[in-house]
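Shown next, in structure tokens, is the structure this report addresses.
Only this structure's heavy atoms are used, side chains among them; waters, hydrogens and symmetry mates stay out. Letters go in sequence order (proteins before strands), and every chain restarts at 1.
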Amino acid sequence: MQNLLHNLNPEQLAAVTLPPQNALILAGAGSGKTRVLTTRIAWLIQTGQVSPAGVLAVTFTNKAAKEMLTRLSTMLPINTRGMWIGTFHGLCNRLLRTHYKDAALPQTFQILDSQDQLSMIKRLLKANNIDDEKFPPKQVMYFINNNKDQGLRASQVEAYDALERKLVELYQLYDDQCQREGVVDFAELLLRTYELLSRNEPLRQHYQQRFRHILVDEFQDTNNLQYAWLKLMAGHGSPYGGALFAVGDDDQSIYAFRGANVGNMQAFESEFRVQNLIKLEQNYRSHGHILDAANMLIANNSRRLGKNLRTDAGHGEPVRVYEASSDLQEAQWIIEEAKSLIAEGALRREIAILYRSNAQSRVIEHALFSAGMPYHVYGGLRYFQRAEVKHAIAYLQLMDNPHNDSAFLRVVNFPARGIGARSIEQLQNAAATYNCSLYAAVPYMVGKAGSSLAAFTKLIEGVRFETQQLALPELVKITLDSSGLLQHYANEKEGADRVENLEQMVSAATQFVSEEGFGQGAPAHLGPQASAAAGAQVVVADGVEIIDADAPLATVMSPLSAFLSHASLEAGDNQAQEGQDALQLMTVHSAKGLEFDNVFITGLEEGLFPHESSSKEEGGVEEERRLMYVAITRARKRLYMAFCQTRMLHGQTRYNMKSRFFDELPEESLKWLTARVQQNNWFSTGSRKSAWDEMPSVPSADNRLAARMNERSGASGGWRIGESVAHAKFGEGVIVNLEGSGANCRAQINFGSFGMKVLDLSVAKLERL
DNA sequence: GACGCACCGCTTTTT
DNA sequence: GCGGTGCGTC
């Protein structure tokens, strides 16, 4: 116990040892949040205040859940199995598997990922002859998911015009179709669980009484449904229920665009009458200048809960700021700086290059590739999302639940077996007529199409029969062969990677079976009741027998079902080149939660960061500022910021002003590597040396660009596209275009918040910057 | 049934 | 500027 608590600072200690009451922990970046969360659990168990089975810990990502489990197992001598630690979706999946009857789901219900969901909506639109110009599938999906995230069923959505009424109708059709097929989307996992527990009182009370301590990570990222779910679990407003321990940081709320509601923090504080609010402000990550920059920037936001990070680490290096002439040159500069960092002994994996949007990575990647520097881009296609892996999964899905139409359509003719669009159309008509799944409609088909289709279902049933008594890895192996997938890719010219990915599925299955506590040889298809019902805890409450949805998964589902939900809920890593020491490229969003010795924040330009579309949304710029705050606080020792005068975006050259965020950073913490414009110096005549004039090692493409621009300057009274200027009324701007010549010369200038203006150069008084 | 061409859209992302 | 998608042709 002494061990557990030692080395905690006073605030951390206070949070860990709070009495069993609701609590809100405001945990700043790098303040030891995960440590507090895990130590709290360990302390509660070690002091005998709760048994492992009384703990429910919820995270957003599998990574965070795994991290908690790992840390806990080093702190506690006991088995962590009895605890419920997982993502919202993972926990809901487990609950729904256990109580599938009460939730009105088939035992082998399957989970649609976003790809599957979208293709299902497209099918639905087609089947109902709906113009997908008027109802873009993505928007229909957004509408459905949004309402589910608000806890609303189609019947509860209020529609005010014909368009909305149609959307509501589609929502209902979509849900009906899911129910017929026995599939649920991500939002449905949560909503269905929520409805199950609200409706079913004995079940609700059982879980409310069981979980004495509910702990939530990244609380600022919860959406309304998740918050309602937590309220229900914690028995808010009922005589039962445990304490809710919420950890979050309102300044790091960057997911409003997908429904996260920071307001949940304030709501929690008042609705749960939180007496215990603790702020963790001591930062163990970054040097002083970096924190000063973060603190001063975020102070520009309103409606904060209020927090200021501090450190004992000293000021450290100032933040280095660089103005590049172009995106190419920005990339070139990053490489030069990275090289010298590495020369000073930095590890490549301790250098992160962050950007606002993925499109920015291309130029940087290209430069890194040319320079022969190893790098790793985060956020590509993940393992279980690859086409060939999804195909294999579809075969497995059909064996477990043949009514999954998405899976059926994906592989009915892949590899090709002579079942064309015409046959599929007939089959869909038959399915509509008999109100059944495509698979079930196959017997109604006649002729050549009928026999090809029958051969396909026979193939599925054949493999199922053949593998009846086999364990999951064998089932996977046989499926890969019998489906013809392996053969198909082996014959393909560039199919080697795909074959490798497919073969990897066998090892993935082996690993899964052993990690999830299924017996090594447990038959993949066998139902849970036969395989492991002995482990399930049966509870009798109010005369109702309840099988508690306890770990391990083997108690509630077959190895195959479990593996399939694993594939949907945990998409896997994106690349296997883990061991390599490489520069880390990622968006600011994906950098959240990570830290590096050296961080580059790139593309700090108006319109890009903050992104232009954010200024149209209510509170959009504040969210961008929080995003910038997240970016800054990733750095331990060195932080670099860069922006460009010219940038290629969507096939067009754009001229942006430097980001407004520079004006919100403390002067004394910045070191400008290129001459900088003094704000109070706009109208002085002294000419400024810009990065343009002192480019150290400009790539050739850049030289050409510069030359081209200088050519034009002769005809334009010395003005140049991309040049920074100041105007008495509009302030600082960038010349975006020049037209005409001599006395008729006009300039189009981007004045940032004043917008785009076209000025007659013989009249307008412009200052060169 | 495979390939080629035209068209679209384009912020951020986990489950 | 690029990648995904959907349609038309051989």
Side-chain angles (χ1 to χ4, degrees), chain A residues 58-65 86-93 111-119 122 126 132-133 136-139 142 145 148-149 184-191 193 217-218 221-223 225-226 253-260 327 354-363 365-366 378-382 384-385 387 413-423 488 492 565-572 574 586-593 603 607-617 620 623-624 626-628 630-631 647-654:
Chain A
V58 197
T59 64
F60 277 87
T61 64
N62 293 299
K63 202 174 148 199
T87 63
F88 279 103
H89 296 86
L91 296 166
C92 286
N93 181 41
I111 302 163
L112 295 179
D113 66 18
S114 325
Q115 252 178 66
D116 302 331
Q117 190 186 17
L118 188 63
S119 71
K122 284 181 184 168
K126 223 171 234 163
D132 59 4
E133 303 257 296
K138 277 204 180 124
Q139 267 183 46
Y142 178 84
N145 289 341
K148 287 193 181 186
D149 286 345
V184 299
D185 58 51
F186 289 130
E188 183 73 22
L189 281 170
L190 275 137
L191 183 51
T193 309
D217 192 16
E218 307 277 18
D221 289 338
T222 50
N223 64 31
L225 179 56
Q226 285 157 342
S253 157
I254 55 173
Y255 286 112
F257 71 91
R258 63 177 199 211
D327 46 354
L354 310 185
Y355 34 81
R356 174 73 231 295
S357 69
N358 285 305
Q360 287 168 253
S361 78
R362 229 193 70 251
V363 176
E365 279 186 72
H366 183 79
Y378 276 67
L381 256 200
R382 320 264 287 276
F384 284 110
Q385 296 172 337
N413 198 34
F414 194 95
R417 40 177 80 89
I419 300 170
R422 192 56 50 79
S423 310
H488 173 88
E492 224 172 38
S565 34
H566 167 79
S568 306
L569 291 177
E570 201 165 340
N574 90 51
M586 65 192 86
T587 63
V588 181
H589 281 92
S590 22
K592 190 175 165 216
L608 197 61
F609 200 178
H611 198 275
E612 56 195 348
S613 52
S614 73
S615 57
K616 293 172 204 125
E617 294 153 28
E623 174 130 330
E624 295 288 306
R626 290 191 293 268
L627 197 52
M628 180 67 182
V630 168
R647 173 180 298 279
M648 250 328 217
L649 203 65
H650 306 318
Q652 273 184 323
T653 310
R654 314 213 330 182

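- The side chain of A:F257 sits closest to B:dT13 out of C:dC2, B:dA2, B:dT13.
- Contact check, A:N62 against B:dT15: a side-chain N or O comes under 4.0 Å of OP1 or OP2.
- Nearest nucleotide to the A:S613 side chain, out of B:dT15, B:dT11, B:dT13: B:dT11.
- Rounded to a whole Å, the CD atom of A:Q385 is 9 Å from the P atom of B:dT14.
- Ion pairing between A:E365 and A:R362 fails under the 4.0 Å rule for side-chain N and carboxylate O.
- Here A:Y255 lies in heavy-atom contact (under 4.0 Å) with sugar-phosphate atoms only.
- For the pair A:D113 and A:E617, nearest-nucleotide mapping onto DNA chain B gives the more 5' position to A:E617.
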Criterion side-chain contact (heavy atoms from CB on, under 4.5 Å) on A:E617 and A:E623, from CA distance to verdict: CA-CA 10 Å; A:E617 294 153 28; A:E623 174 130 330; over 6 Å; no
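- Salt-bridge formation is detected for the pair A:K592/A:D221: a Lys NZ or Arg NE/NH1/NH2 atom is positioned less than 4.0 Å from an Asp or Glu carboxylate oxygen.
- The A:H650 side chain lies nearest to C:dG1 when the options are B:dG1, C:dG1, B:dT12.
- When the side-chain nitrogen and oxygen atoms of A:T587 are compared with OP1 and OP2 of B:dT11, none of them lie within a distance under 4.0 Å.
- Candidate nucleotides B:dT14, B:dG1, B:dT12 were compared by shortest atom distance to the side chain of A:A416, and B:dG1 ranks first.
- Here the side chain of A:R356 is nearest to one of B:dT11, B:dT15, B:dT13, namely B:dT11.
- Within the 4.0 angstrom heavy-atom criterion, no nucleotide atom of any strand lies near A:D185.
- Formation of a donor-acceptor pair under 3.5 Å by the A:Q385 side chain with backbone atoms of A:R382 is found in this model.
- Nearest to the side-chain atoms of A:S357 among the listed nucleotides B:dT15, C:dG1, B:dT11 stands B:dT11.
- Distances were taken from every side-chain heavy atom of A:T61 (C-beta onward) to each of C:dG1, B:dT13, B:dT15; the shortest belongs to B:dT15.
- For A:H611 and B:dT11, the ring-to-base geometry satisfies the stacking test (centroid distance below 5.5 Å, interplanar angle below 30°).
- One N or O donor and one acceptor, one from the side chain of A:S114 and one from the base of B:dT15, sit under 3.5 Å apart.
- Ring orientation note: the planes of A:Y255 and A:H589 are tilted relative to one another, at an angle of 30° to 60°.
- In the set B:dT13, C:dG6, B:dT14, the nucleotide with an atom closest to the side chain of A:K122 is C:dG6.
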